[in-house]
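FYI, side chains are in, hydrogens and waters are out, and symmetry mates aren't considered; it's all heavy atoms of this structure. For the single chain, residues carry numbers from 1 onward in sequence order.
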Amino acid sequence: MAGFGGFLEKKPYVPPSWASHLTLIPSHTCTIGRFPTPIHKWELPNLPQGTEVWIKREDLTGILLSGNKARKLEFLMADAVAQGADCVITMGGLQSNHCRTTAAAAKYLKLDCYLICFVEYPNKDPGLVGNLLIDRLVGAHIKLVPGQAYFKIGPEALFEMLRRKLVAEGKKPYIIPIGASNTLGTWGYIDAIREIEQQIQEENQKIQFDDIVVACGSGGTVAGLAIGSKLSGLNTKIKAFSVTTSRESFVDNIQAKIDELQAGFDLNELVTIQDVQGLGYGFSTTEELKFVKEIAASTGVLLDSVYCGKAAFGMMNDMKANPKKWEGRKVLFIHTGGIYELYNKSDHILPFAGDWSELEIDESISPTA
């Protein structure tokens with residue numbers, strides 16, 4: 001299957017010159033995203049003196065506004081096809097952006113898709129809200145498991161259980177880890193750094209970004225950005241905001257990916273990770289949701305409430321608390337997508353959503369022809 005302009009095309013992968021010495025270089029990629037994604041100035045309110053914030057619109061990668069997962073899946077889906085898979089398995093929460101993106105990408109490539117989703121009530125219809133609506137419309141096979149089973153048994157055991165079942169049925173499944181965050185998926189954001197470099201050069205920008213700010217959910221995006229930044233000429237600091245768990249749980253995970261690719265550096269050289277999970281993964285405070293609404297109303301940029309909304313909220317709070325740390329810096333914020341999840345929070349957002357009123361019709365106005 002292929003489209004115009006190389007869309008849906010499997011092609012050999014050539015790494016950036018500065019990454020050509022790394023190990024485990026992918027042999028192929030499959031073009032399922034629309035790149036490059038734009039970068040533009042983000043006129044956020046109340047920035048520290050001299051601070052500039054720019055935003056890279058990864059929410060516009062295609063595959064139904066899928067965000068950062070599209071870059072990772074270009075490598076993983078190419079590998080699935082190369083291995084002769086006829087279906088893919090992945091896992092996440094019921095409103096997982098990753099699951100939704102995987103389901104759509106799989107159908108692009110004529111692969112079946114199985115989603116293991118952890119929920120509170122696995123014997124109840126999960127409904128048709130947000131990402132789940134798209135999962136079901138594109139025909140993903142949704143397998144619900146109790147949330148406690150995920151923590152008790154672990155994702156590897158659940159993946160293997162479903163894999164064996166599908167193999168017994170004569171299928172050829174390919175497992176895509178949570179968030180597509182394995183060593184192969186890391187290449188998605190190594191390559192994104194090459195794209196950022198090219199955009200700066202092509203636009204003749206004099207700008208040198210001091211920091212890249214991004215949400216950290218499973219670690220793969222941060223690992224790729226760190227490797228790319230360290231090895232390329234970009235050389236920016238990576239400020240990651242953890243939305244799922246504590247900083248400590250990510251350090252070993254991200255460092256392992258750096259070491260597997262033999263990139264040869266300690267992540268602490270350029271990566272800081274700050275905890276912004278708040279009420280927990282997938283849960284939002286009223287203050288966080290009001291922030292998402294205010295940013296949309298003032299800048300036109302819509303953030304999701306699970307990933308980039310919390311990262312931006314954390315960034316702005318840190319700027320307010322520590323303005324000297326940010327003064328005069330040029331920041332590139334990575335918008336990781338995921339806005340469909342907001343539909344799942346509509347009841348919470350309603351009290352402070354935009355105003356509405358009935359238009360008063362002047363009866364003296366004559367009807368137009």
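In terms of heavy atoms, Glu74 sits closest to Thr31 at OE2-CA, 3.3 Å. Of all non-hydrogen atoms in Trp326 and Pro48, the two that sit nearest each other are CB-CG, 3.9 Å. Contact between Pro122 and Leu144 at its shortest, heavy atoms only, is O-CD1, 3.7 Å. In terms of heavy-atom proximity, Ala180 sits nearest to Leu73 at CB-CD2, 4.3 Å. Residues Leu267 and Gln255 come closest through the heavy atom pair N-OE1, 2.9 Å. The nearest pair of heavy atoms linking Trp18 to Ser232 is CE2-CB, 3.4 Å.
Using a 4.0 Å cut-off between charged nitrogen and carboxylate oxygen, Lys325 and Asp318 count as a salt-bridge pair. A salt bridge links Arg329 and Asp211; the closest N-O separation between the charged side-chain nitrogens and carboxylate oxygens is under 4.0 Å. Look at Glu288 and Lys345 and you find no salt bridge, because none of the NZ, NE, NH1 or NH2 atoms lies under 4.0 Å from a carboxylate O. We find that Arg163 and Glu160 are joined by a salt bridge, their nearest charged nitrogen and carboxylate oxygen being less than 4.0 Å apart.
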Enumerate donor-acceptor pairs with a distance under 3.5 Å from any side-chain N or O in residues 150-158 to protein atoms, sequence neighbours excluded.
none

Extract all donor-acceptor atom pairs below 3.5 Å that involve side chains of residues 295-303 and protein atoms in other chains or at least two apart in sequence.
residue: Ser298; atom: OG; partner: Glu294; partner atom: O; Å: 2.9
residue: Ser298; atom: OG; partner: Ile295; partner atom: O; Å: 3.4
residue: Thr299; atom: OG1; partner: Trp42; partner atom: NE1; Å: 3.1
residue: Thr299; atom: OG1; partner: Ile295; partner atom: O; Å: 2.8
residue: Thr299; atom: OG1; partner: Val301; partner atom: N; Å: 3.3

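Taken from CG in Leu22 to CD in Gln262, the straight-line distance is 8.5 Å, to the nearest 0.5 Å. The CG atom of Asn235 sits 7.5 Å away from the CD atom of Gln208 when rounded to the nearest 0.5 Å. To the nearest 0.5 Å, atom CZ of residue Phe75 and atom CD1 of residue Ile32 are 10.5 Å apart. Distance check, rounded to the nearest 0.5 Å: CG of Leu109 to SG of Cys30 gives 4.5 Å. Taking CE from Met91 and CG from Leu115, the interatomic distance works out to 10.5 Å, rounded to the nearest 0.5 Å.
Other residues, nucleotides and ligands place no more than 12 heavy atoms under 6.0 Å from the CG atom of Asp355.
Under the 3.5 Å distance criterion, the side-chain polar atoms of Asn131 are matched with a main-chain donor or acceptor of Gln95. A distance-only check finds no donor-acceptor pair linking the side chain of Thr236 to the backbone of Leu234 [under 3.5 Å]. In this structure, Glu269 contributes its side chain and Asp266 its backbone to a donor-acceptor pair below 3.5 Å. A donor-acceptor pair under 3.5 Å is absent between the side-chain atoms of Ser181 and the main chain of Pro177, judged by distance alone.
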(message) side-chain contact (heavy atoms from CB on, under 4.5 Å), that's the test. Do Ile55 and Ile39 meet it? Break it down for me.
(response) CA-CA 5 Å; Ile55 184 168; Ile39 295 174; over 6 Å; no
(message) Assess the residue pair Glu58 and Thr336 against the criterion (side-chain contact (heavy atoms from CB on, under 4.5 Å)); give the C-alpha distance rounded to whole Å, side-chain angles, the decisive distance to 0.1 Å, and a yes or no.
(response) CA-CA 5 Å; Glu58 297 289 89; Thr336 51; 5.6 Å; no
(request) Please lay out, stage by stage, how His335 and Thr37 fare under the test side-chain contact (heavy atoms from CB on, under 4.5 Å). (result) CA-CA 10 Å; His335 190 317; Thr37 58; over 6 Å; no
(request) Begin from the C-alpha positions of Asn97 and Tyr340 and carry the test side-chain hydrogen bond (donor to acceptor under 3.5 Å, both in side chains) through to its verdict. (result) CA-CA 8 Å; Asn97 300 316; Tyr340 292 113; over 6 Å; no
(request) Begin from the C-alpha positions of Lys56 and Gln199 and carry the test side-chain hydrogen bond (donor to acceptor under 3.5 Å, both in side chains) through to its verdict. (result) CA-CA 11 Å; Lys56 184 158 178 63; Gln199 286 177 295; 2.8 Å; yes
(message) Assess the residue pair Thr102 and Lys69 against the criterion (side-chain hydrogen bond (donor to acceptor under 3.5 Å, both in side chains)); give the C-alpha distance rounded to whole Å, side-chain angles, the decisive distance to 0.1 Å, and a yes or no.
(response) CA-CA 8 Å; Thr102 303; Lys69 311 305 181 188; over 6 Å; no
(request) Could you give me the CA-CA distance, side-chain angles and deciding distance for Glu327 and Thr51, then say whether side-chain hydrogen bond (donor to acceptor under 3.5 Å, both in side chains) is met? (result) CA-CA 5 Å; Glu327 278 184 3; Thr51 303; over 6 Å; no
(message) Run the side-chain contact (heavy atoms from CB on, under 4.5 Å) test on Leu76 and Asn182 for me, step by step, so that the C-alpha distance in whole Å, both residues' side-chain angles and the decisive distance to 0.1 Å come before the verdict.
(response) CA-CA 9 Å; Leu76 288 160; Asn182 59 6; 3.6 Å; yes
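For the side chain to side chain contact (heavy atoms under 4.5 Å, CB included) with Tyr114, the qualifying choice from Val88, Leu166, Thr90 is Leu166, the only one to do so.
Remark: Lys310 fails to qualify as a cation-pi partner of Phe283 under the 6.0 Å distance and 45° angle criteria applied to the six-membered ring.
Side chains of Glu52 and Asp210 form no contact here, defined as non-hydrogen atoms less than 4.5 Å apart.
In this model, no donor atom of one side chain and acceptor atom of the other lie less than 3.5 Å apart for Lys11 and Thr29.
A salt bridge (Lys or Arg N to Asp or Glu O under 4.0 Å) check over residues 16-31, counting only residues at least two apart or in different chains, returns nothing. Residue pairs satisfying the salt bridge (Lys or Arg N to Asp or Glu O under 4.0 Å) criterion with at least one member in residues 18-37, sequence neighbours excluded, are absent.
Cluster membership check: Ile254 does not share its hydrophobic cluster with Ile178, using side-chain heavy-atom separations under 4.5 Å among Ile, Leu, Val, Met, Phe, Trp and Tyr.
Asp125 meets the side-chain contact (heavy atoms from CB on, under 4.5 Å) test with Arg136; sequence neighbours excluded. Residues passing the side-chain contact (heavy atoms from CB on, under 4.5 Å) test with Gln277 are Asp275, sequence neighbours excluded.
Taking the six-membered ring for Trp, His28 and Tyr13 have ring centres at least 6.0 Å apart.
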